[in-house]
Undergrad: 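Structure incoming, see below.
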Amino acid sequence: MNIASLVAVETTPLVALFACSVFGLALLSFAPDTRSLRTFVADYGVLLLVGAVFIAAVIGILLFVFGDEELAKQWLNQYGLVALFLILILEGAMLLYFAPSESLVPFTVTALASPNDIRSIAIIIFVAVVGATIGQYALFSLAKRGGREYLLEKPWFRISESSLDRFDGWFQRWGRVVVPVSNALLFTRGMLTVPAGFAEMRDWEFIVLSAIGTLIFQTWLTVFTIYTIKLGLLDSLPF
């Protein structure tokens with residue numbers, strides 16, 4: 001499949017909707033007498049965004065299983081990389097509670113590339129790494145500038161104080177190396193983002209180490225997926 005089709009002009013409505021949303025929120029934040037609205041957006045805006053992504057994912061799955069499979073494939077071809085990028089931002093910020101993040105890149109590789117299409121696979125991995133790194137850096141920045149109490153009081157921050165203490169201990173014991181190592185392993189991805197922010201790690205250093213860990217993680221997941229495809233274990237899937 002030609003990867004260029006994934007960023008064709010059909011993505012314009014999605015970009016326009018995103019731009020209008022950001023512009024609208026910016027106007028609201030500077031409007032008079034909107035303190036309560038700004039507080040609501042700060043506390044629950046992220047949860048609303050995650051809910052919207054969840055609804056979109058459910059609609060796509062229902063289209064595949066019960067509805068118009070051709071329309072679902074068309075949407076996947078047009079918006080696949082854009083969706084992966086946005087979802088990986090949420091995953092990097094540790095907001096993707098409703099789906100296993102380990103399935104995102106394998107699904108995209110299976111749906112949008114062939115095992116021998118190295119260029120398309122490389123682009124998918126690149127998009128995933130950039131998206132996840134943006135998300136992790138956003139959470140890192142909040143931790144660095146807002147501090148522990150700021151995060152713990154936010155309803156969208158789902159890490160308990162006891163877990164946060166444990167992750168802090170890991171960072172204090174092993175240092176900066178735990179950022180890429182944790183990002184490269186199952187079940188620990190992103191866990192050291194917040195402690196790195198609390199430790200006031202340099203921004204560029206965090207970005208580089210976070211991206212390296214994510215690149216390793218997504219690469220080995222992709223290699224596993226390719227061998228799974230070659231063995232024919234995914235032949236029953238509808239794409």
Undergrad: Quick check for you: to the nearest 0.5 Å, what is the distance between T108 atom OG1 and I124 atom CD1?
TA: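 The CD1 atom of I124 is 6.0 Å from OG1 of T108, to the nearest 0.5 Å.
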Undergrad: Salt-bridge test for D168 and R173: reply yes if a basic N is under 4.0 Å from a carboxylate O, no otherwise.
TA: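 Here D168 does not pair with R173 in a salt bridge, since their nearest N and O are not under 4.0 Å apart.
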Undergrad: Begin from the C-alpha positions of L142 and L151 and carry the test side-chain contact (heavy atoms from CB on, under 4.5 Å) through to its verdict.
TA: CA-CA 8 Å; L142 285 177; L151 286 181; 4.2 Å; yes
Undergrad: Could you state the interatomic distance from CE (M201) to NZ (K144), rounded to the nearest 0.5 Å?
TA: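 Separation between the atoms: 9.5 Å.
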Undergrad: Can you see which heavy atom on G190 is nearest to which on M94, and at what distance?
TA: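 In terms of heavy atoms, the two residues are closest at O-SD, 3.2 Å.
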Undergrad: Got E205 and V179 here, is their nearest side-chain heavy-atom distance under 4.5 Å?
TA: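 The answer is no; the side chains never approach within 4.5 Å.
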Undergrad: Run the numbers on I134 and F85 for side-chain contact (heavy atoms from CB on, under 4.5 Å), then give the verdict.
TA: CA-CA 10 Å; I134 289 174; F85 177 72; 3.7 Å; yes
Undergrad: How long is the span from the CG atom in L112 to the CG atom in L81, to the nearest 0.5 Å?
TA: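 Answer rounded to 0.5 Å: 6.5 Å.
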Undergrad: Nearest heavy-atom pair of F171 and A199: which atoms, and what distance?
TA: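 Minimum heavy-atom contact is CE2-CB, 3.4 Å.
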Undergrad: Test side-chain contact (heavy atoms from CB on, under 4.5 Å) on F157 and I159; report intermediate values, then the result.
TA: CA-CA 6 Å; F157 188 70; I159 302 176; 3.8 Å; yes
Undergrad: Start with the C-alpha distance between L164 and F198, add both sets of side-chain angles, then the distance that settles side-chain contact (heavy atoms from CB on, under 4.5 Å), and finish with yes or no.
TA: CA-CA 11 Å; L164 199 55; F198 291 160; 3.8 Å; yes
Undergrad: Is there a path of hydrophobic side-chain contacts, each under 4.5 Å between heavy atoms, that joins I118 and I125?
TA: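 No.
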Undergrad: So, T222 versus T219: side-chain donor-acceptor pair below 3.5 Å or not?
TA: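 No, T219 and T222 have no side-chain donor paired with an acceptor closer than 3.5 Å.
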Undergrad: Can you name the nearest heavy-atom pair linking I121 to A113, along with the distance?
TA: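 That closest heavy-atom pairing would be CG1-CB, 4.0 Å.
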Undergrad: Is K230 close to T225 at the side-chain level, that is, under 4.5 Å between some pair of heavy atoms?
TA: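 With C-beta onward as the side chain, the pair stays apart.
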Undergrad: Is the shortest side-chain heavy-atom distance between R202 and F206 below 4.5 Å?
TA: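 R202 vs F206: side chains apart.
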Undergrad: To which residues is F187 joined in a hydrophobic cluster, defined by side-chain heavy-atom contacts under 4.5 Å among Ile, Leu, Val, Met, Phe, Trp and Tyr, whether direct or through other members?
TA: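 ILVMFWY cluster around F187 also holds L186, W204, V208, I212, I216, F217, W220, L221.
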Undergrad: Mind listing the closest non-hydrogen atom pair of I226 and P115 along with its distance?
TA: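 It is CG2-CB, 3.9 Å.
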Undergrad: Closest heavy-atom contact between V194 and A143?
TA: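 Reported closest heavy-atom pair: O-CB, 3.7 Å.
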Undergrad: Distance check, rounded to the nearest 0.5 Å: L192 atom CG versus F167 atom CZ?
TA: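 CZ of F167 is found 8.0 Å from CG of L192.
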Undergrad: Identify, with sequence neighbours excluded, every residue that meets side-chain hydrogen bond (donor to acceptor under 3.5 Å, both in side chains) alongside S141.
TA: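 If we apply the side-chain hydrogen bond (donor to acceptor under 3.5 Å, both in side chains) test to S141, skipping adjacent residues, there are no hits.
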Undergrad: Name all residues meeting the side-chain hydrogen bond (donor to acceptor under 3.5 Å, both in side chains) criterion together with S210; count only those two or more places apart in sequence or in a different chain, and write none if there are none.
TA: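 Partners of S210 under the side-chain hydrogen bond (donor to acceptor under 3.5 Å, both in side chains) test: Q136, N183.
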Undergrad: Are L86 and L90 close enough that some pair of their side-chain heavy atoms sits under 4.5 Å apart?
TA: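 In short, these two side chains do not touch, never coming nearer than 4.5 Å.
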Undergrad: Between I207 and F140, is any pair of side-chain heavy atoms under 4.5 Å apart?
TA: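 In short, these two side chains do not touch, never coming nearer than 4.5 Å.
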Undergrad: Tell me whether F224 is reachable from L215 by hopping between hydrophobic residues (I, L, V, M, F, W, Y) whose side-chain heavy atoms are closer than 4.5 Å.
TA: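 The answer is no; the residues belong to distinct hydrophobic clusters.
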Undergrad: Can you name the nearest heavy-atom pair linking T133 to V129, along with the distance?
TA: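 Scanning both residues completely, I find the closest heavy atoms to be OG1-O, 2.7 Å.
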Undergrad: Taking 4.0 angstrom as the limit, do R189 and E91 come out as a salt bridge?
TA: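 Counted as a salt bridge, because a side-chain N and a carboxylate O are separated by less than 4.0 Å.
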